[in-house]
Amino acid sequence: MLLFNPISTSFTLKATAHHHNHHRNLTVFSQIQPIPIPITTTNLSISDESLRTKGFNLHRTITDLNLDHLNSVFVAVGFPRRDTEKIQIALENTDSLLWIEYEKTKRPVAFARATGDGVFNAIIWDVVVDPNFQGIGLGKAVMERLVTELLRKGITNIALYSEPRVLGFYRPLGFVADPDGIRGMVYSRRKNKK
């Protein structure tokens with residue numbers, strides 16, 4: 001699990017891999033420093049207008065989000081296919097979400113969401129970018145806006161789960177691994193041996 005920390009901190013990564021459905025997830029933590037953070041849209045690497053001129057529409061609600069198309073993006077990045085009714089329930093219980101639609105196809109190409117207590121803590125989930133649209137800043141665009149939205153709500157303890165291969169994507173966005181020895185744990189039911 002990674003936690004958001006707007007202050008650059010040097011650290012030693014002590015990775016703990018968890019195996020679930022043949023996917024490795026790294027549990028990484030950090031804590032945000034209690035300092036005032038100026039949050040403006042000028043802090044964004046790509047503006048909403050620039051996204052629009054490149055043919056992308058930014059959405060902050062599930063209105064117009066085709067869950068079958070979103071599920072296809074999940075599968076394309078290596079997530080297991082999910083039941084769309086369960087996706088619907090998860091999204092209805094999500095505090096903040098952002099997704100980017102490619103105007104030409106009307107399909108989602110980037111997505112991220114956060115759940116939490118609405119006051120102190122949030123966990124970011126399901127950060128995905130369609131492989132055909134990776135490398136052009138869409139993942140960074142949704143993450144910057146999602147973190148900004150959470151900070152505006154006063155939520156400063158922001159965490160996420162990450163596969164080890166994409167840790168480098170999250171570090172420049174302010175996330176750090178295991179600061180001050182803080183470690184995460186994930187509940188895992190052991191299968192009964194027969």
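Keep in mind that what you see is a predicted model, and the values were worked out from it rather than measured.
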So does [Y] get a backbone contact from the side chain of [X], meaning a donor-acceptor N/O pair under 3.5 Å?
| X | Y | answer |
| --- | --- | --- |
| Arg152 | Thr148 | no |
| Glu103 | Asn57 | no |
| Asp130 | Val73 | no |
| Asn93 | Ile89 | yes |
| Ser50 | Ile46 | no |

Cluster check Met143, Val166: I/L/V/M/F/W/Y, side chain < 4.5 angstrom: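 The answer is yes; both residues are in one hydrophobic cluster.
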
Over 12 non-hydrogen atoms of neighbours within 6.0 angstrom of CD in Glu49: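 Enclosed: over 12 neighbouring heavy atoms sit under 6.0 Å from CD of Glu49.
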
Trp125 and its ring-ring contact (aromatic ring centres under 6.0 Å, His included) partner, picked from Phe79, Phe111, Tyr161: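 Going through Phe79, Phe111, Tyr161 one by one, the ring-ring contact (aromatic ring centres under 6.0 Å, His included) with Trp125 is satisfied by Tyr161 alone.
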
Considering all heavy atoms, the nearest Ile87-Leu67 contact: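 For Ile87 versus Leu67, the nearest heavy atoms are CG2-CD2, 3.9 Å.
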
Would you say the side chain of [Y] lies within less than 4.5 Å of the side chain of [X], judging by non-hydrogen atoms?
| X | Y | result |
| --- | --- | --- |
| Leu97 | Arg60 | no |
| Ile155 | Val119 | no |
| Phe133 | Ile100 | no |
| Leu44 | Arg145 | yes |
| Asp95 | Asp117 | no |
| Glu101 | Leu65 | no |
| Val176 | Arg171 | no |

Taking NZ, NE, NH1 and NH2 as the nitrogens, is one of them in [X] or [Y] under 4.0 Å from a carboxylate oxygen of the other?
| X | Y | value |
| --- | --- | --- |
| Arg82 | Asp126 | yes |
| Asp64 | Lys106 | no |
| Glu149 | Lys153 | yes |

To the nearest 0.5 angstrom, please state how far the [atom1] atom of [X] sits from the [atom2] atom of [Y].
| X | Y | atom1 | atom2 | value |
| --- | --- | --- | --- | --- |
| His69 | Tyr102 | NE2 | OH | 15.0 Å |
| Leu146 | Ser96 | CG | OG | 6.0 Å |
| Thr156 | Leu151 | OG1 | CG | 7.5 Å |
| Arg107 | Asp68 | CZ | CG | 9.0 Å |
| Asn157 | Asn121 | CG | CG | 4.5 Å |
| Asp48 | Thr53 | CG | OG1 | 11.0 Å |

Identified side-chain contact (heavy atoms from CB on, under 4.5 Å) partner of Val109 from the options Leu138, Val128, Ile136: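 Testing Val109 for a side-chain contact (heavy atoms from CB on, under 4.5 Å) against Leu138, Val128, Ile136 leaves exactly one candidate, Leu138.
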
Mutual orientation of the aromatic rings belonging to Trp99 and His59 [parallel < 30°, tilted 30-60°, perpendicular > 60°]: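 Correct class here is parallel.
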
Worked check of side-chain contact (heavy atoms from CB on, under 4.5 Å) between Leu173 and Glu144: CA-CA 7 Å; Leu173 295 170; Glu144 288 172 339; 4.1 Å; yes

Derivation of the side-chain contact (heavy atoms from CB on, under 4.5 Å) call for Phe175 and Ile158: CA-CA 9 Å; Phe175 289 85; Ile158 303 169; 4.2 Å; yes

Chi angles and distances behind the side-chain contact (heavy atoms from CB on, under 4.5 Å) call for Val77, Val129: CA-CA 8 Å; Val77 299; Val129 177; 6.0 Å; no

